[in-house]
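Data first, discussion second: the structure below is written as structure tokens.
Remember, predicted model here, so these are calculated numbers, not experimental data. All heavy atoms count here, side chains included; hydrogens, waters and symmetry mates do not. Here is the naming used below: chain letters follow the sequence lines, and residue numbers restart at 1 for every chain.
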Amino acid sequence: MSKKLTKRSEDYSKWYNEIVVKADLAENSGVRGMMVIKPYGYAIWEKMQAELDRMFKETGHENAYFPLLIPKSYFSKEASHVAGFAKECAVVTHYRLKNDENGKGIIVDENAKLEEELIIRPTSETIIWDSYRKWIQSYRDLPLLINQWANVVRWEMRTRLFLRTAEFLWQEGHTAHATKAEAIEETEKMQNVYATFAENFMAMPVIKGVKTESERFSGALETYTIEALMQDGKALQAGTTHFLGQNFAKAFDVKFTSKEGKLDYVWATSWGVSTRLMGALVMTHSDDFGLVLPPKLAPIQVVIVPIYKTDEQFDAISAKAEEMVKEFRKKGISVKYDHRRTHKPGWKFAEYELKGVPLRIAIGPRDLENGTLELARRDTLTKEIVSQENISNTIANLLDEIQDNLFNKALEYRNNHITEVNSFDEFKEVLENKGGFILAHWDGTAETEEKIKNITKATIRCIPLDAKDEEGKCILTGKKSSKRVLFSKAY
RNA sequence: CGGGGUGUAGCGUAGCCCGGUUAGCGCGCCACGCUGGGGGCGUGGAGGUCGGAGGUUCAAAUCCUCUCACCCCGACCA
């Protein structure tokens, strides 16, 4: 199989697809829009999960699990929620198959029609709030801080591996609070958790903000988002947290008695990140040679490749390599000694580059003689000869340096692609020729937002939290505006 | 869901327009040998319901109909 990748400059989306497939992250399955996540890709997702899960627990959340199937009636209880998801729901209508009498194989047994149809969850608010009604009576039951790791199904028209699949893996947090202020605080706290994760682990800088009304989650009063910028100048929504007000509490009749003895509806939030982050990770760091992984999420942080001719050499090298492996593991560095004799060194080099392994050690007879190693960095594609002495420290430091370097590179790119514009012509010009985020004034109306979207395909990604007050005029209508909002074309 | 395109061995493809022996090639795979500090070389070998179903025909990878999947562009979305 030829492993040569399409260049980003030639065809960005082809490049993306090829990386996902050739780096062995995932592939399409026989079901439209649903992917198979392969072991190497899943290992990265597991690393993301592990860290996020740790962060959720550290902020007081517990994991639970709710059913995959949701009665249709639950779904319609919150009006805007059902409106938002109705068009993309898979529905279970029967519970039995039978052999066709005409020998045409197995068919749906029409006698096994469900009394009430079940929806395959596109998100779990409704079934979770149906449970919360039973769990919450008093302010003493609050706050209720629950997270679930699950799969959901949304019948998307156009799918792309990781970025938009008909089934995806995610976590969804669903919390209930006694006060509005506390719920908002939770929403903001989780946005910060997501931002910290994105920046510290994925090495992916994000902009925190809130969504405009038209981009809000169906059923939310406010949607907070973290927005990342991909290498092709398009934005990617990396995680959202929602302040749901009392909408779901009212829809599912979840009331509690307060300290003062007053009966009131509880306040809700929900928040989620998905396997889409895998796509974000690929598109943030990778290059024309393949995947580039930040050390903190790399399943293999260091690979050791032996170079040898004779069995004696192989044995001597292996002894040294195994010694290093032990030393690295002691330090918590994940290492693979690739002792396969079935593949040649050059082949392995190319393979690990494609798979984004941050550091590669090559060790041969020459090194054994000199007490050296060849150390190659994936991020800079540079090689140097280093001493075997203190190698685990050298590696540990270098992994940190690579993590920082990837973040800084991405940050620099992102910052160079935030452009302030003051007219619509300028807006269109930047969008077309430079791409990236555009900070511009907007009159605050959904109509203007819609018009700009129709003309340019750019949407308001968010109203940045750190937007400073500044008098200005809407780029489209010229009406007064008090702050700039963040526009971009988006995934 | 609308417009356009593509499905031939694990992957990439030639052949299709203009139907006619045994469907060709590269990579990969298997065996053996030479090799080995960046996807190395040689020899031999295995692998195909030509996406699927139906039709036209003496004859279909090739023509027609339907269908499924994927890619690109729209609308929708995490």
Any side-chain heavy atom of A/Val357 within less than 4.5 Å of one from A/Lys336? no
Who pairs with A/Tyr74 by side chain to side chain donor-acceptor pair (under 3.5 Å), at least two apart in sequence or on another chain? A/Asp130
Mind checking if A/Glu374 touches a base, just sugar-phosphate, or nothing, with heavy atoms under 4.0 Å? base
Ranking B/G38, B/U35, B/G39 by distance to the side chain of A/Arg360, first place goes to B/G38
Separation of A/Leu5 atom CG from B/G12 atom P, in whole Å? 14 Å
B/G10 and B/G19: how far apart are their P atoms, nearest whole angstrom? 30 Å
Results of ring-ring contact (aromatic ring centres under 6.0 Å, His included) for A/Phe314 - residues two or more places apart only: A/Tyr308
Taking the same atom, P, in B/C11 and in B/G48, what whole-Å distance lies between them? 14 Å
Between CD of A/Glu27 and C1' of B/C11 the distance, given in whole Å, is 12 Å
Salt bridge (charged side-chain N to carboxylate O under 4.0 Å, His left out) contacts in which one or both residues fall within residues 145-155 of chain A, not counting sequence neighbours: none
Let me know which of A/Lys344, A/Arg360, A/Lys348, A/Lys355 forms a salt bridge (charged side-chain N to carboxylate O under 4.0 Å, His left out) with A/Asp338. A/Lys348
Please list, for nucleotides 68-74 of chain B, all pairs of protein and nucleotide N/O atoms separated by less than 3.5 Å.
unit_1, atom_1, unit_2, atom_2, d
B/A69, OP2, A/Arg32, NH1, 3.2
B/C70, OP1, A/Gly33, N, 3.1
B/C72, OP1, A/Ser13, OG, 2.8
B/C73, OP2, A/Arg158, NH2, 2.9
B/G74, OP1, A/Lys457, NZ, 2.4
B/G74, N7, A/Arg158, NH1, 3.4

Correct closest heavy-atom pair for A/Gly219 and A/Asn247 would be O-ND2, 3.1 Å
One thing to verify: whether A/Glu401 and A/Arg377 come together as a salt bridge, which I'm taking to mean a side-chain N less than 4.0 angstrom from a carboxylate O. yes
Closest to the side chain of A/Trp347, out of B/G39, B/G38, B/G40, is B/G39
Using Watson-Crick pairs (N1 to N3, plus N6-O4 or O6-N4) and G-U wobble pairs, both distances under 3.5 Å, which stems of at least 3 pairs involve RNA chain B? B:1-7 with B:68-74, B:10-13 with B:24-27, B:29-34 with B:40-45, B:51-55 with B:63-67
Write down the distance between CD (A/Gln237) and C1' (B/C76), rounded to a whole number of angstrom. 14 Å
Have a look at A/Thr223 and say if it touches a base, only the backbone sugar-phosphate, or nothing, with a 4.0 Å heavy-atom cut-off. nothing
Are A/Val153 and A/Met34 packed together at the side-chain level, in the sense that at least one heavy-atom pair is separated by less than 4.5 angstrom? yes
Which residues in residues 289-314 of chain A have a heavy atom closer than 4.0 Å to any atom of RNA chain B? A/Ile307, A/Tyr308, A/Lys309
Contact nearer the 5' end of RNA chain B, comparing A/Tyr491 with A/Lys348: A/Lys348
Separation of atom OH in A/Tyr352 from atom C1' in B/G39, rounded to whole Å: 13 Å
Heavy atoms from other residues, nucleotides or ligands near CZ of A/Arg54 exceed 12 (cutoff 6.0 Å): yes
Which residues satisfy the side chain to side chain donor-acceptor pair (under 3.5 Å) test with A/Glu167, sequence neighbours excluded? A/Asn151
A/Ile307: side chain to side chain contact (heavy atoms under 4.5 Å, CB included) partners, not counting sequence neighbours: A/Pro345, A/Phe349, A/Ala362
Rounded to whole angstrom units, what separation is found between the CD1 atom of A/Ile317 and the C1' atom of B/G37? 10 Å
Starting at CZ of A/Phe349 and ending at C1' of B/G40, how long is that distance when rounded to a whole Å? 14 Å
Value in whole Å for how far the P atom of B/G42 lies from NZ of A/Lys344: 12 Å
Give A/Leu236 one of three labels, base, sugar-phosphate or nothing, depending on what nucleic acid heavy atoms sit under 4.0 Å from its own. nothing
Below 3.5 Å is the cut-off: list the nitrogen or oxygen pairs between protein and nucleotides 31-34 of chain B, distance only.
none

Name of the residue among A/Gln237, A/Glu222, A/His242 meeting side chain to side chain donor-acceptor pair (under 3.5 Å) with A/Lys211: A/Gln237
How far, in whole Å, is B/C30 from B/U8 if one measures between their C1' atoms? 23 Å
Taking side chain to side chain donor-acceptor pair (under 3.5 Å) as the test, write out the residues that go with A/Thr187, two or more places apart. none
Kindly indicate whether the side chain of A/Arg341 and the base of B/G36 share any N or O donor-acceptor pair separated by less than 3.5 Å? no
Side chain to side chain donor-acceptor pair (under 3.5 Å) filter on A/Glu199, not counting sequence neighbours, yields none
Indicate, with a heavy-atom threshold strictly under 4.0 Å, whether A/Lys383 touches base, sugar-phosphate, or nothing. base
Run the side-chain donor-acceptor check on residues 281-293 of chain A: report pairs under 3.5 Å with partners two or more places apart or on a different chain.
unit_1, atom_1, unit_2, atom_2, d
A/Thr284, OG1, A/Ala280, O, 2.6
A/His285, NE2, A/Met202, O, 2.7
A/His285, NE2, A/Ala203, O, 3.3
A/Ser286, OG, A/Val282, O, 3.0
A/Ser286, OG, A/Val292, N, 3.1
A/Asp287, OD1, A/Phe289, N, 2.8
A/Asp287, OD1, A/Gly290, N, 3.2
A/Asp287, OD1, A/Arg378, NH2, 2.7
A/Asp287, OD2, A/Arg378, NH1, 2.9
A/Asp288, OD1, A/Arg8, N, 2.9
A/Asp288, OD1, A/Arg8, NE, 2.8

